[in-house]
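Shown next, in structure tokens, is the structure this report addresses.
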Amino acid sequence: MDGIREFLDMGLRVGARMHCSHVLAGFKVTPMDRELHGLACLRTIAVIDVYREKGVQVSWDVLHPKTAAFYYYPELCSSLLHYIYACGGKTAFAASARELSEVAC
């Protein structure tokens with residue numbers, strides 16, 4: 001939580017819009033327990049909301065669970081980026097992938 005609070009304090013001090021990309025729960029849960037980790041995620045979002053109430057203009061895109069697999073979204077997309085561009089964007093790439101999966105099945 002220290003890093004998240006530091007980031008949000010900066011937004012409070014300078015008045016800039018802030019964006020947290022791929023937020024991890026700010027609390028370590030050891031040993032790993034899905035229910036406790038879920039509560040840690042909710043508490044992390046609650047802290048962000050407190051800063052919003054203080055006037056920080058902050059957004060976030062993904063709350064990334066620590067239970068996710070080795071490849072997470074940015075790493076996965078970076079390896080597929082060439083194909084996404086070649087298809088003409090994410091929507092066209094997804095449609096193409098669906099078509100290929102139907103043929104393969």
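Values reported hereafter were calculated over all heavy atoms of this structure, with side chains retained and with hydrogens, waters and symmetry mates removed.
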Got Arg5 and Tyr51 here, is their nearest side-chain heavy-atom distance under 4.5 Å?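 They are in side-chain contact.
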Trp60 versus Ser21: any side-chain heavy-atom pair under 4.5 Å?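 No. Closest side-chain heavy atoms not under 4.5 Å.
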Show me the pairs that pass side chain to side chain donor-acceptor pair (under 3.5 Å) and involve residues 38-50, at least two apart or across chains.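 Applying side chain to side chain donor-acceptor pair (under 3.5 Å) to every pair that reaches into residues 38-50, excluding sequence neighbours, yields Asp49-Arg52.
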For residues [X] and [Y], report the shortest heavy-atom separation together with the two atoms involved.
| X | Y | answer |
| --- | --- | --- |
| Phe7 | Cys20 | CE2-SG, 3.1 Å |
| Lys90 | Ile84 | N-CG2, 3.8 Å |
| Cys87 | Ala92 | O-CB, 3.2 Å |

Following the transitive rule for hydrophobic clusters with a side-chain heavy-atom cut-off under 4.5 Å over Ile, Leu, Val, Met, Phe, Trp and Tyr, establish whether Leu8 and Val50 coincide in one cluster.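 No; Val50 is not reachable from Leu8 via cluster members.
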Contacts of type side-chain contact (heavy atoms from CB on, under 4.5 Å), residue Arg17, not counting sequence neighbours: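 Once residues adjacent in sequence are excluded, the partners of Arg17 under the side-chain contact (heavy atoms from CB on, under 4.5 Å) criterion are Gln57.
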State which residue, out of Ile48, Ile4, Leu12, fulfils the side chain to side chain contact (heavy atoms under 4.5 Å, CB included) condition with Val58.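 Passing option: Ile48.
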